[in-house]
Amino acid sequence: MEELEKDPRISQKIKRFRNKQAQMKHIFTEPDEDLFNPDYVEVDRILEVAHTKDPDTGEEVTHYLVKWCSLPYEESTWELEEDVDPGKIKEFEALQIPPEIKHMERPASESWQKLEKSREYKNSNQLREYQLEGMNWLLFNWYNRKNCILADEMGLGKTIQSITFLSEIFLMGIHGPFLIIAPLSTITNWEREFRTWTEMNAIVYHGSQISRQMIQQYEMVYRDTQGNPLPGLFKFQVVITTFEMILADCPELKKIHWGRWKDILTHGRFKWHLNEKDMEMICRALLVYCVKHYKGDEKIKSFIWDLITPTKDGQNQALQNHSGLSAPVPRGRKGKKTKNQMLLPEIKNADWLATCNPEVVLHDDSYKKHLKQHCNKVLLRVRMLYYLKAEVLGEAADKAFEGTPARELDVLLPDIDYVEIPVDWWNAEADKSLLIGVFKHGYERYNAMRADPALCFLEKVGMPDEKLLSAEQGVSDGAQDAAERQCGK
């Protein structure tokens, strides 16, 4: 009993144990009633604030966007100020002030000093003697630029040792951001321990696409008064996620070249481990195969060839000449078949084809047959996306990927007579959101566009059906297997 009393968190553990007992009793004694989780009415985090005026009195009314404990971000609701925990409001307000950017280098290895006694962390928590030893060892390896693995029996505080190790770095002035990759069953515990032991702002990046988009919108970066992200300024010091989420999604801002390999890895969800170089090689091979069997304008063929040809410095060239690209691309088998489809003079000097020859990379004959039938459609979409970025969106393309709301982006639209429109509310703002949505999310991914808070559709028509959204983002096992066979896996 004396040992238990020494644990500063013993009261919290007893409380959780009693709550669990009460829940089990409720399950077995009142089977006809729904079990209500009290966490659902406890404020977890505040995401945003809105000030409006009461139409009757003219007084200012303040609402907060509240994320509730044990509920995903997509279940967040707007609540009146008087209904929100004042302590959570103070936490939110403290996070709204962008910090001064001060680049701190890792200290020299000879400056490491062993901590003989545990410091007092948040909530008066202190490390046990063996935990202090483990944390010192982690710090020693960090000072000496050595990777290491902390291994011990379960329940002895490896999580706490890791968290206090990061806290020591944070207290030196190196504010991360730090990445924690953990099993799904433990990420909630990681978040709880960060809050219990440190003052660092730790967020959990997980959940449905809608929840992840809300995290990116409200939790990731600081924004200016117009809603534009401030470069290099993160709101969080720690992001906690799973290995699967790292493979399937990435919160980092994407750099846009001709190939968006991370996007392909995200939407493909391949069973085999593929990196961005693998995807670049596969996509070049696919487009070379499409160019070979293309049945249309030679200018389109030359454009695609120039687009996929690597430059000598390893960078991708910016193509400015879109001459002839206004003509429609023949689709399917309707295009006029010409002899010797691959007559580009550059083919003789294309040494880079050795690494992405479609006859070597693409192994599945049925897939190649399918690709041959649809090669014109593939090139049409590639041409459209490049033209959309280079000629329509321009600088707004990069800002769109940074999360800037569509209404804040300067996109030149032609004068349109909105006579025949899909719905009554469709206007120029919807046109702009559609163009940006196609570029951000891909061709015909309308549910993803609808769920994007940076576009106007979420506000106009609400969130899409989750099953439809998941189906749109996923691929069938057959499609995965076919893609993997193309890699020779």
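With respect to the salt-bridge test (charged N to carboxylate O, under 4.0 angstrom), the residues E219 and K67 do not qualify. At a threshold of 4.0 Å, the pair E359-K368 counts as salt-bridged, since one of the basic side-chain nitrogens sits closer than that to a carboxylate oxygen.
Side chain of D39 to backbone of C69: no donor-acceptor contact under 3.5 angstrom is found. Looking only at distances, a side-chain donor or acceptor of S433 sits under 3.5 Å from a matching main-chain atom of E429. Of the possible polar contacts, one joining the S211 side chain to the E74 backbone as a donor-acceptor pair under 3.5 Å is found. Proximity of a side-chain donor or acceptor of Q237 to a complementary backbone N or O of N201 within less than 3.5 Å is detected. Looking only at distances, no side-chain donor or acceptor of Y218 sits under 3.5 Å from a matching main-chain atom of I46. Distance alone, capped at 3.5 Å, is enough to place a donor-acceptor pair between the K432 side chain and the A406 backbone. R450 places a side-chain N or O within 3.5 Å of a backbone atom of G462 that can act as its donor or acceptor partner.
In summary, the side chains of W68 and T77 do present a donor paired with an acceptor at a separation below 3.5 Å, with no hydrogens or angles considered.
Within the 4.5 Å cutoff, no side-chain heavy atoms of K122 are placed close to those of T198.
With D452 as the partner, the side chain to side chain donor-acceptor pair (under 3.5 Å) test is satisfied by one option alone out of Q216, R445, K440: K440.
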